[in-house]
Amino acid sequence: MAKDKLISRSEDFNEWYNSLVLKADMADYGPVRGTMIVKPYGWTLWEHIQQALDSRFKATGVQNAGFPMFIPMSFLQKEAKHVEGFAPELAVVTHGGGQELAEPIVVRPTSETLIGHAYSNWVQSYRDLPILINLWNSVVRWEMRTKIFLRTSEFYWQEGHTAHATAEEAEARTRQMLDVYTDFAVNEAAVPVIPGEKSELERFAGADRTYTIEAMMQDGKALQSGTSHNLGQNFARAFDIEYLADDNTLKHCWTTSWGVSTRFVGAIIMTHGDDLGLVLPPRLAPYQTVIVPIYRKDKEREVVLTAVSTLKQTLTAAGIRVHVDNRDHLTPGFKFNDWELRGVPTRIEIGPRDVANNSVALARRDIPGREGKQFVSQDGLAQTVQQLLDEIQANLLARATKFRDDNTYEVTNYDEFQTAVQTGFAKVWWAGSNEDEQRVKEETKATIRCFPLDQPGGSGTCFYTGKSADRVAIFGRSY
RNA sequence: CGGGGCGUAGCUCAGCUUGGUAGAGCGCUCGGUUUGGGUCCGAGAGGUCGUCGGUUCGAAUCCGGCCGCCCCGACCA
């Protein structure tokens, strides 16, 4: 509800994001450094993300469960790479009930170790497999530099954990969940993503293979928007998750884990937002349409509000999420700007003239201002709005995809590469070592975002080492 | 943890140089006016000036310690 204007994206993208999150009522800062308060408007968006993911998980046989937020310190230490990866960012509880604890307790940074502990008890036989569990919770990682939704000390997410009898099955599940994430991102959030595999350097601590969906924000930087890990037998060995196979031999399980977090809210903001504020994808938006009544006299007010009430019922019955802005002390003009700031996909304006004409003014957020406004009949309004919502959803995806593609450069030498990663992604043949990758990172701040699953095939010349390469990588600066 | 900036009303900030006990705009409350792209007028409420100490007759203002926040770098979904 701020009257002062939002800074433009081109002027200061970072500031644009920070102030938009606050002004649009998505979230606020928490009292402890690096924490966030997610406000109802932001949380509703998150709930819609949750619903879209949760139904997809369940369709693949996954069930939800609840696990503790406290982990014995010793658990973390059982998997060497896992500790190494997480040790610097752990929040540790040393006191409880006024007494110093014998063993410090860690606040979960992720639950692989707890899951490992539980699964080792749950699994006896191949008949107990697979185990397909998902947790909706929050986790804590003591981050040095934080930013609301993108990187906070505590964040909300889902973490899926599965255990399988064979390596092939675990790999298939890892890839299946990556597909679920891709489908969700593209079809629900209208966020185009590149599914791919992480390099060894960027891999999750304790995983054999890490897959990711990478999105490009409007400043050209990459945002890792979801990950799926094939944990191999690393955690199964560390936690003795063993099963008796049908040939009566004892074997270690193969496990996976996969997650999408509230960071995705940030992805939506930075993918679709414009200089007027948020632009929310219709399928996830808290409100899909907002009705702004317009009137002068009390007589008009009564007539208009009666019509509004009827329209609301009609739209709601058609399954459209409607909000009526009945704030009496604000002018319509103010409300137009306010709802544009908050990114509501469509807006219905109705005044005495419309009531008389059996019409409404229908505005679309992806084309802001008067240009996106049309007068339509009240007859069949639900279908009209639904069609417009579908059109906006498709337009947002097309627009974001074009932006991503326009800012992705296929380059063949280091000079071009350095220019490319200033403003977007570099798509390159890569045959470098870990050391080469590290050096590129130090020299350009760009990292391998992923090796896309969709590879051109054949071979090419590595832009950095000049060696023959058999796969392409996407490089970019990242959040 | 290194570099830079900053803490004064809910928000954005002025006042500090040259000490005399706090202001503006926005927001909020009430009344009226207005309402098809951020109405206008009037009356109000609201601040131990981040914190602790020092100098002084007197500190938002000068000096020192501490705490916190933001931005930039090293870690990460």
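Just so we're clear, the structure is a prediction, and the values are computed from it rather than from any experiment. Order of the sequence lines sets the chain letters (A, B, ...), proteins ahead of strands, with each chain counted from 1. Below, each value reflects all heavy atoms present in this structure, side chains not excepted, and no hydrogens, waters or symmetry copies.
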*Please check if any side-chain donor atom of A:T146 sits under 3.5 Å from a side-chain acceptor atom of A:T152, or the reverse.*
no
*Whole-Å distance between B:rC1 C1' and A:W142 CH2?*
16 Å
*For the pair made of CD1 in A:I348 and C1' in B:rG36, what is the distance, rounded to whole Å?*
15 Å
*Mind running a 4.0 Å heavy-atom check of residues 292-314 of chain A against RNA chain B and sending the residues that fall below it, in number order?*
A:I294, A:Y295, A:R296
_Between the base of B:rG38 and the side chain of A:D338, is one N or O donor paired with an acceptor at under 3.5 angstrom?_
no
*Spacing between A:K335 atom NZ and B:rU34 atom C1', to the nearest angstrom*: 13 Å
*For A:V376 and A:S359, run side chain to side chain contact (heavy atoms under 4.5 Å, CB included): C-alpha distance rounded to whole Å, both residues' side-chain angles, the deciding distance at 0.1 Å, then the answer.*
CA-CA 5 Å; A:V376 301; A:S359 68; over 6 Å; no
*Does the gap between the ring centers of A:F67 and A:H161 come in under 6.0 Å?*
no
*Integer-rounded Å distance: B:rC28 P and A:D328 CG*: 14 Å
Between N or O atoms, less than 3.5 Å apart, protein on one side and nucleotides 2-4 of chain B on the other: list the pairs.
none

_Euclidean distance for P, B:rC1 against B:rU18 (whole angstrom)_ = 35 Å
*Atom CG of A:L6 to atom P of B:rC11: distance rounded to whole Å?*
18 Å
*Rounded to whole angstrom, note down the P distance from B:rU29 over to B:rU17.*
38 Å
*Does A:Y464 have its ring centroid less than 6.0 Å away from the ring centroid of A:F417?*
no
*Check the surroundings of atom NZ in A:K78: do more than 12 heavy atoms from other residues, nucleotides or ligands lie under 6.0 Å from it?*
yes
*Assign a letter to each nucleotide of nucleotides 70-77 of chain B from its 5' end: B, base within under 4.0 Å of a protein heavy atom; S, sugar-phosphate only; -, no contact.*
SSSBBBBB
*Hey, what's the ring geometry for A:W157 with A:F155, parallel, tilted or perpendicular (30° and 60° as the breaks)?*
perpendicular
*Show your working on salt bridge (Lys or Arg N to Asp or Glu O under 4.0 Å) between A:E340 and A:R365 and close with a plain yes or no.*
CA-CA 6 Å; A:E340 278 171 357; A:R365 180 60 182 86; 5.7 Å; no
*Under 3.5 Å, is there a donor-acceptor pair between the A:N134 and A:E159 side chains?*
no
*Given atom CZ of A:R353 and atom P of B:rU35, what is their separation to the nearest angstrom?*
12 Å
*Any side-chain N or O of A:T331 under 4.0 Å from OP1/OP2 of B:rU34?*
no
*Are A:H323 and A:W339 close enough that their ring centers fall under 6.0 Å?*
yes
*Is it true that A:F264 and A:W46 have ring centroids separated by less than 6.0 Å?*
no
_For the C1' atoms, the ones on B:rA14 and on B:rU33, what distance do you get once it is rounded to whole angstrom?_
32 Å
*Report the distance from atom CZ of A:R365 to atom P of B:rG37, rounded to the nearest whole Å.*
17 Å
*Could you give the distance separating B:rA45 and B:rU61 at their C1' atoms, to the nearest angstrom?*
28 Å
*More than 12 foreign heavy atoms under 6.0 Å from CD of A:Q422: is that the case here?*
yes
*Hey, is the side chain of A:K373 pairing donor to acceptor with the base of B:rG36 inside 3.5 Å?*
no
*With ring centroids as reference points, do A:H229 and A:Y211 lie under 6.0 angstrom apart?*
no
